[in-house]
Amino acid sequence: MFGRESFFQFIVIIVALIFPLQEARRILLSPVHNVLDYGAVGDDLHDDTEAILEAWKATCEGSFFASTMVIPPGKTFYVNPLTFKGPCKSSYINVEINGQIVAPKHPTQWRCYNNCETWIEFQGVNGISIHGKGTVDGRGQIWWDLQIKRPTAFKISDSSNVHLSGLHFLNNPRMHVVLDGLQSANVEDLHIHSPEKSPNTDGIHVAHCKYVSIAHSTIRTGDDCISIVDGASHVQVNNIMCGPGHGISIGSLGKNGAQDRVEYIHVNDVIFNRSTNGARIKTWQGGRGYAKHITFERISVIDTDNPIIVNQFYCDHEICSNQENAVKVSNVTYRHVVGTSKGKTAVTLDCSTTVPCEVFMEDIHIRSSKEGESVKSFCTSAHGWVKGTNVPQVSCLEQDRG
Ligand SMILES: *[C@@H]1O[C@H](CO)[C@@H](O)[C@H](O)[C@H]1NC(C)=O
Ligand SMILES: *[C@@H]1O[C@H](CO)[C@@H](O)[C@H](O)[C@H]1NC(C)=O
C-alpha cells in the first residue's frame, strides 16, 4: 500500500509536526555514518582514503530523507586525493568534520604526484552541508618550493544548495577552497591560513556560480583572499578579514582572449589588513565579455598597498603585448572606503583605452600609512562620477552635484 518513499515522507511530516525545529532536524538527520566504523584509523599513519570513501558511499546511498557522515574530533586522518560523488539518494547530506584531515607528508607520496588537480572534491551533490570545527591541512610547505603542478585543496563542484561552514584550512599546496558550478551556496565562518609568501594559495575561488554568499570569515594567505571569476553572478561577500593576501579580486578575466562574464557582485564590511590589494578588478588585454554591477562598500583598509584598483592591463609575466579587445568594466561602485594606504597610489583606475570603464565613488577617505606622506590617484580611460569629498580626489570622474 505504502511505498518506501511515501512512508518516509509520512514520517518526516509527523516528526516535523510534533518536534521543535532543532529536534526535528536531529531526528531526521539520522542515520549517521562515522568513518571509524568503516575502517578509518585516524592516526596519521594509515591511509584512510578508502575507508572514508566507503563511509561516503553508505551516506550517499542511504535512502533516508537525510544522512550524515562524521569525521570525528581528536583524530588525524591521512587522506590521498578523493572525490565524493553524487547524486545521492538522500535529499540532504550532512558532512560533519571535527577531526583533522591531512595530506601525505611529501608530494611524492601523493598518488597523483606530478599530475594532481584536486585533493578533496565534492561533486554533483545537491543539498549538502559540510560543517564542523575540523581542519583541512594540505601540508603545502614542500609543494611551494617545487616547480610542479600543485593541487587545489578542497573543491565543491556542480552542486546546488550547498552549505560550508566552520572549517579551518591550513597550508594548502594551491587554492584552499574552490566553488565551481554551484547554484545557491552559503559559505561562512571559515578560517583560512597560509603564509604570505605561499604561491597561488587563494582563500576562496568562485567560478561559474550563481547566488553565493560568503560571510564571517578570516583569510590570511599568499594570494587573493577571495577571487571571483568567469560565470559568477549574484555573489555576496561580507564580514571578511583579509590579510596578508592579495585582496578580494574580480578576476583575473579575459586571459588568452577569453570571453568572461561576471555580474552582480556585492562586497561589504571587509577589513583589509596589510594586504597587497584591497578591492580589485583585474582583466587581461585581449579579453572579451564583461564585469558589471559590482559594489564594494564599507571597506576598511589598514596599511594596504593598493586599496582600490581596477587594472585592465593585468599581466603576471614579464611582457604582455598590447591588444584592442578588453573585458568591459561598468557600473562599478566604491562607497565608504576608509583607512590607510601603504602605496602612494591609493586609487588606481587603469582602464582599457578602447573600452573605457565606468566607475562611481562615494566617501573615499584614504590617507598614507606613512607619517607626513600624502596619497594620490591614477586614472586612465575611466568615466563616471564621485559624490561628496573624496581623498584622494579622482580627477577623471565627474563631480556629482545631485
Ligand atoms: C592587523 O594585523 C596586525 C598584525 O598582523 C594585528 O596585530 C592587528 O590586530 C590587525 N588589525 C585588525 C583591525 O585586525
Ligand atoms: C548597477 O549595479 C547595481 C548593483 O550593484 C544595480 O542595483 C543597478 O541596477 C545597476 N545599474 C544599472 C544602470 O544597471
Side-chain angles (χ1 to χ4, degrees), residues 160-165 177-180 182-190 192 202-219 224-243 245-253 260-272 275 277-283 289-301 304 306-311 327-339 347 349 357-364 366 382 384-388 390 397:
S160 63
N161 300 318
V162 171
H163 190 99
L164 173 66
S165 70
V177 175
V178 170
L179 311 177
D180 193 341
L182 305 187
Q183 171 98 17
S184 185
N186 205 329
V187 174
E188 61 190 347
D189 193 26
L190 300 189
I192 299 177
D202 293 28
I204 303 172
H205 181 77
V206 182
H208 315 110
C209 290
K210 264 189 187 145
Y211 301 100
V212 175
S213 148
I214 300 172
H216 299 283
S217 294
T218 303
I219 305 170
D224 294 332
C225 291
I226 298 176
S227 48
I228 298 170
V229 301
D230 181 38
S233 75
H234 300 89
V235 178
Q236 283 268 354
V237 175
N238 66 74
N239 293 284
I240 305 292
M241 291 276 295
C242 166
H246 295 179
I248 294 183
S249 299
I250 313 289
S252 61
L253 303 177
D260 288 343
R261 301 182 183 95
V262 173
E263 63 182 335
Y264 294 104
I265 312 294
H266 201 117
V267 178
N268 61 275
D269 298 287
V270 171
I271 299 176
F272 292 104
S275 54
N277 303 285
R280 170 160 75 156
I281 297 174
K282 54 174 171 173
T283 73
Y290 53 77
K292 64 186 179 186
H293 313 323
I294 296 165
T295 301
F296 291 97
E297 66 181 334
R298 296 194 299 276
I299 307 291
S300 298
V301 290
T304 296
N306 301 290
I308 294 176
I309 177 165
V310 176
N311 178 6
V327 175
K328 184 174 170 61
V329 175
S330 67
N331 192 18
V332 175
T333 302
Y334 290 94
R335 188 182 292 127
H336 307 302
V337 182
V338 301
V347 175
L349 303 179
C357 56
E358 181 193 42
V359 179
F360 307 112
M361 289 199 181
E362 193 176 340
D363 267 331
I364 310 298
I366 305 171
W385 46 249
V386 290
K387 250 189 186 159
N390 293 279
L397 305 182

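Note that the structure is predicted; figures quoted are calculated from it, not measured.
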Inset, instruction - Answer with yes or no whether the side chains of N277 and N306 bring together a donor and an acceptor at under 3.5 Å. - result: yes

So which heavy atom on [X] is nearest to which on [Y], and how close?
X	Y	result
L190	S217	N-OG, 3.0 Å
S275	G243	CB-CA, 4.3 Å
G247	C242	CA-SG, 3.8 Å
I240	H216	CD1-N, 4.2 Å
D224	S249	OD1-OG, 3.0 Å
G251	S227	O-CB, 3.9 Å

Inset, instruction - Determine, stepwise, if the pair R280 / H246 fulfils side-chain contact (heavy atoms from CB on, under 4.5 Å). - result: CA-CA 9 Å; R280 170 160 75 156; H246 295 179; 3.8 Å; yes

Inset, instruction - Please identify each residue that fulfils side-chain hydrogen bond (donor to acceptor under 3.5 Å, both in side chains) with D180, with sequence neighbours left out. - result: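 D180 satisfies side-chain hydrogen bond (donor to acceptor under 3.5 Å, both in side chains) with H208 only.
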
Given side chains that start at C-beta, do those of [X] and [Y] come closer than 4.5 Å, heavy atoms only?
X	Y	value
T295	R335	yes
Q236	N268	yes
Y334	V310	yes
V229	H205	yes
L397	N390	no
I281	V327	no
L179	I204	yes
I250	F296	yes

Measuring from [X]:[atom1] to [Y]:[atom2], what's the distance to the nearest 0.5 Å?
X	Y	atom1	atom2	answer
I294	T333	CD1	OG1	9.5 Å
I219	D202	CD1	CG	10.0 Å
D230	S252	CG	OG	10.5 Å
N238	S213	CG	OG	6.0 Å
K328	L253	NZ	CG	14.5 Å
I271	T304	CD1	OG1	10.5 Å

Inset, instruction - For the pair V301 and I299, evaluate side-chain contact (heavy atoms from CB on, under 4.5 Å) and give the outcome as yes or no after the intermediate values. - result: CA-CA 7 Å; V301 290; I299 307 291; 4.2 Å; yes

Inset, instruction - Start with the C-alpha gap between D363 and K387, add the side-chain angles, then the distance that decides, and say whether side-chain contact (heavy atoms from CB on, under 4.5 Å) holds. - result: CA-CA 7 Å; D363 267 331; K387 250 189 186 159; over 6 Å; no

Legend entry - From CA spacing to verdict: side-chain contact (heavy atoms from CB on, under 4.5 Å), I214, V206: CA-CA 10 Å; I214 300 172; V206 182; 3.8 Å; yes

Inset, instruction - Indicate yes or no for a side-chain donor-acceptor contact from E358 to the backbone of G384 under 3.5 Å, with no hydrogens or angles considered. - result: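 Not at all, since once roles are kept as given, no pair shorter than 3.5 Å links the two residues.
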
Legend entry - Aromatic plane relationship, Y211 with H234 - under 30° parallel, 30 to 60° tilted, over 60° perpendicular: parallel

Inset, instruction - Measure the acute angle between the ring planes of F360 and W385, then classify it against the limits of 30° and 60° as parallel, tilted or perpendicular. - result: tilted

